[in-house]
Structures are given as structure tokens and as C-alpha cells.
Amino acid sequence: MITASRLSQEINSYQAKLQEKPGTAAALNQRNSSLLEIDRLFVCVQEGANAVSILENFGLYFPDTVIRSEAEGTKSRICFLENLYLAIIWLEDKPPSSQTAINFPARVNWQDNHTSPFGIGLSRRQEPDVTTLDSCPISDLRVDKYLAYSQKNQQNAIEPLVFFIPDRLKYASILSCKQQTSQKYLSHPLGVRNITDIKMSVQTGKRRNSNVLDWLQQEKLLKIARTDAPLLEITFDGGVRGEIFDARPTLPIIFRY
């Protein structure tokens, strides 16, 4: 049996090797002044079962567990990669039990109301000098259910939602705590392991009322483009095979691998 400490050592060793190789997970989360990195992504859809089925047929593995959030009125399925995870989120049949910060009904219906279906979760790097978000130039942060949001970005549903994750909920902590199941979760029929590049397109001609996206691009956390429709372009393992899978129109995602 692999112990938690052994798995943690293996993960640290693997990530150290990535630092020596171009076009790997280390290239995605470059060192930046904020010392933050991308922890997770989500995509809102109208029909979760259909969206997940498309990605499973493509070769990604989704555990059977459906995560329900009564407060938000959503269900989700998660695809785990070695450096972050991708969640597919859709609405339950019944309304949420309480008002939450994220306007999921608007984001789920992105094809009809020109909103963004995307969310980006950021967490702190595991470095001793990281103690606060003081280096983040977002002046309107507020905490809602343990996550921190920019209020302007939260209210602006035409842009991806950006949120900050506390250490105890970050993906690296979750992965190291599930040593027996993590290898199964990370075994994809397609053979991919890491997300190494992210490009997110948001719609042109819309007023931006927050500086979050400019800051993300400045910190080289991901690439931002302006187009006629939202699009998420994900590259696995540096695109070593030179292949492309386009999940549109069901999912606004293009995969390169």
C-alpha cells in the first residue's frame, strides 16, 4: 500500500522533474509575482450527462460520483488531471436552497444569453513566503462560503468567474489525501496526464467592469482572447501528439494533445 507521505514525495519528485522540461505542467503555472497558480476549471452546460459522455468518448475518465450542491442548485462531474481538475456543472431540477455568489442559471444558458460558462479557481503555491493575497491588485475581494471573489467580476457574468481557494481546499491537498483512489482517477484512456496550456476566449463588444482578466494575463496564469463566442482551449502534455479534438457545439472546448 502506498502511504500518503510516499505519494506526496512522488508528486513532489514528479513536479521537480517537470521544472526541467519545457512544454509541461510547470510551463502552465509559471512563477509570478502573486505566487498563485491555477487549481481548477469549471464549465457550465445545460445537459450534464451529454457533455460528460462526449468527453468520456474522447478518452477522459470521470468518476461516477455526481456532486450535488443544494445551496447552488447544481450537479457536477469532475475530471482529474495531475496538476488541476476540470468540472462540468449543470443545474438540478429544483431551485437552490439559498442565494449564492455564482449566477449558475445565467452561465448555464451561455448559448442564449451571451454569458461566460467558465470558472477559474486559483490557489497559493506551496511556498513559505506566501501568506496573503496582498500582491493581488483586486480591491473588492469578499469571502463567500470559504472562497474569495472579486465582487465586480462575480456580477459580470459575461466574463469567466475567477475565485481564490484556501489552502485546505486546494487540489494538491485533496490529491495527496486520496492515495488509493488517486491513481485510478488519474488514469485516462486517452493517456493524458497534465494540462500544460490554457487559452480562454471571451466575447467582444462587452463592457468589462473588473480588472481581473487583465491581471490574470499579466501574471501569465492563462491566455485571454476576445472572440464572438466563449471558447476554452486546453492543451494536454504540451500537445505532443499534434492532435485536436473539438467538443463544440455541446461544449465550448477545444482539446490539443
Side-chain angles (χ1 to χ4, degrees), residues 29 32-45 67 69-74 76 84-92 95-125 130-171 198-227 229-232 252:
N29 289 320
N32 49 60
S33 62
S34 65
L35 297 179
L36 293 168
E37 58 190 3
I38 297 176
D39 190 275
R40 62 198 66 181
L41 299 169
F42 73 68
V43 181
C44 296
V45 299
I67 300 172
S69 173
E70 293 185 2
E72 296 169 339
T74 63
S76 62
L84 55 92
Y85 75 68
L86 174 67
I88 303 300
I89 298 177
W90 65 98
L91 297 179
E92 283 200 283
S97 60
S98 64
Q99 192 70 26
T100 63
I102 307 174
N103 188 349
F104 280 110
R107 293 186 182 275
V108 161
N109 293 294
W110 58 273
Q111 291 173 306
D112 300 324
N113 56 21
H114 306 292
T115 54
S116 174
F118 306 129
I120 307 162
L122 304 175
S123 64
R124 303 189 307 174
R125 290 181 180 277
V130 184
T131 55
T132 69
L133 288 172
D134 291 344
S135 60
C136 172
I138 309 301
S139 60
D140 61 337
L141 285 177
R142 80 171 190 182
V143 176
D144 179 75
K145 294 189 178 299
Y146 310 109
L147 301 180
Y149 303 84
S150 158
Q151 295 181 70
K152 290 181 180 179
N153 173 256
Q154 167 206 331
Q155 296 163 5
N156 186 10
I158 63 172
E159 293 194 346
L161 178 74
V162 180
F163 52 100
F164 302 89
I165 300 161
D167 289 347
R168 66 185 181 279
L169 298 179
K170 64 190 298 183
Y171 180 51
I198 300 171
K199 181 179 179 181
M200 191 172 286
S201 298
V202 295
Q203 296 180 81
T204 56
K206 301 290 186 180
R207 181 177 64 87
R208 290 195 289 171
N209 59 7
S210 70
N211 60 347
V212 173
L213 295 191
D214 292 335
W215 173 74
L216 286 177
Q217 193 156 237
Q218 174 185 321
E219 292 293 296
K220 299 180 180 178
L221 286 161
L222 77 164
K223 301 171 185 175
I224 301 291
R226 291 277 163 178
T227 58
L231 179 64
L232 176 62

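Predicted model, so just to flag it, every value in this text is computed and none were measured. Only this structure's heavy atoms are used, side chains among them; waters, hydrogens and symmetry mates stay out.
Side-chain contact between Leu91 and Pro105: present, with at least one pair of heavy atoms (C-beta onward) separated by less than 4.5 Å. Under the 4.5 Å side-chain criterion, counting only non-hydrogen atoms from C-beta, Pro252 is in contact with Val43. You'll find the side chain of Leu36 reaches within 4.5 Å of the side chain of Arg124, heavy atoms only. Taking the side chain as every heavy atom from C-beta outward, Gln203 and Thr227 never approach each other to under 4.5 Å. Using a 4.5 Å cut-off on side-chain heavy atoms (C-beta onward), Gln154 and Ile102 make no contact.
Among residues two or more places apart in sequence or in another chain, the salt bridge (charged side-chain N to carboxylate O under 4.0 Å, His left out) test is passed with Lys223 by Asp197. In this view, Glu92 and Arg68, Lys75, Lys94 satisfy the side-chain contact (heavy atoms from CB on, under 4.5 Å) rule, not counting sequence neighbours. Not counting sequence neighbours, Phe118 has no partner by the ring-ring contact (aromatic ring centres under 6.0 Å, His included) test.
The shortest non-hydrogen separation linking Leu161 to Tyr149 is CD2-CE2, 3.7 Å. Listed here is the closest heavy atom pair of Trp110 and Pro230: CE3-CG, 3.7 Å.
Of the residues listed (Leu222, Ile198, Ile120), the one engaging Leu232 in a side-chain contact (heavy atoms from CB on, under 4.5 Å) is Ile198, and it is the only one.
Counting only distance, with no hydrogens or angles, the side chain of Asn153 and the backbone of Pro160 share a donor-acceptor pair below 3.5 Å. With Arg107 contributing its side chain and Ser116 its backbone, the two residues share a donor-acceptor pair below 3.5 Å. Between the side chain of Asn109 and the backbone N or O of Asp112 there is no donor-acceptor pair closer than 3.5 Å. At distances below 3.5 Å, not a single donor-acceptor pair connects side-chain atoms of Arg40 with backbone N or O atoms of Leu84. A side-chain donor-acceptor contact under 3.5 Å links Thr115 to the backbone of Ala106. In terms of modelled atom types and a separation under 3.5 Å, the side chain of Asp39 and the main chain of Lys170 share no donor-acceptor contact.
Taking the six-membered ring where the residue is Trp, Phe42 and Phe104 present tilted rings, their angle falling between 30° and 60°.
With rounding to the nearest 0.5 angstrom, the CD1 atom of Ile38 is 10.5 Å from the CD1 atom of Ile165. Note that CH2 of Trp90 and OG1 of Thr74 are 9.0 Å apart. Values are rounded to the nearest 0.5 Å. With values rounded to the nearest 0.5 angstrom, Ser76 atom OG is found 7.5 Å from Tyr85 atom OH.
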(request) Begin from the C-alpha positions of Ile224 and Glu159 and carry the test side chain to side chain contact (heavy atoms under 4.5 Å, CB included) through to its verdict. (result) CA-CA 11 Å; Ile224 301 291; Glu159 293 194 346; over 6 Å; no
